[in-house]
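All figures in this text were calculated on a predicted structure; none of them were measured in a lab.
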Amino acid sequence: MPRERPFLTDPAPGGTRGSGLVPDALFDLAVNRAAAALRGLRPARPESALAAWHARTRFARRVPLDAVQAALAGQPQDGEWHWAGGPAGSWQPGRAPFP
């Protein structure tokens, strides 16, 4: 098994679309947890690791994977930041109020 894969199974393509309206707090949580997972794992292929994390994390499956990826693409690299404001939100300086 390749070393960069943190999970045992590959994500199912059908599970990447989300399931309807996503509350802002859930979206924020998914983006912030995804950022923390990637920061902790430091995978060689972040896209694959993010897809596997999304597929294996129950609450994250309610948020479309492409929306999480889009939010992570704009994450500032210097300092500590968190996402706030739901799908229309943005990166804010400091730690997230809810882990």
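The structure places CD of Glu47 at 9.0 Å from CG of Leu38, a figure rounded to the nearest 0.5 Å. In this structure, Phe59 CZ and Leu26 CG are separated by 7.0 Å, a value rounded to the nearest 0.5 Å.
In this structure, Arg61 and Ala55 approach most closely via the heavy-atom pair NH1-O, 2.9 Å. The nearest pair of heavy atoms linking Phe27 to Ala67 is CE1-CB, 3.7 Å. Looking at every heavy atom in both residues, Pro87 comes nearest to Asp24 through CD-OD1, 3.4 Å. Taking every heavy atom of both residues into account, Ala34 and Val68 meet most closely at CB-CG1, 3.8 Å. When every heavy atom of Ala30 is checked against every heavy atom of Val63, the shortest pair comes out as CB-CG2, 3.8 Å.
The closest donor-acceptor contact from the side chain of Trp53 to the backbone of Arg56 lies at 3.5 Å or more, if one exists at all. Side chain of His54 to main chain of Ala60: a donor-acceptor pair is present (N/O by atom type, distance under 3.5 Å, no hydrogens or angles). At least one donor-acceptor pair under 3.5 Å links the side chain of His82 to the backbone N or O of Gly94. With Asn32 contributing its side chain and Ala96 its backbone, the two residues share no donor-acceptor pair below 3.5 Å.
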Exercise for the section: Could you check Trp91 against Trp81 for ring-ring contact (aromatic ring centres under 6.0 Å, His included), going step by step and ending with a plain yes or no? Expected result: CA-CA 6 Å; Trp91 290 99; Trp81 295 81; 7.8 Å; no
Practice task
Go through the steps for Gln69 and Leu50 under the test side chain to side chain contact (heavy atoms under 4.5 Å, CB included), then give the verdict.
Solution key: CA-CA 8 Å; Gln69 290 171 323; Leu50 182 61; 3.4 Å; yes
Problem - Step-by-step side chain to side chain contact (heavy atoms under 4.5 Å, CB included) determination, Gln75 to Leu72 - result: CA-CA 5 Å; Gln75 182 180 17; Leu72 291 173; 4.1 Å; yes
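Under the 4.5 Å side-chain criterion, counting only non-hydrogen atoms from C-beta, Pro23 is in contact with Arg62.
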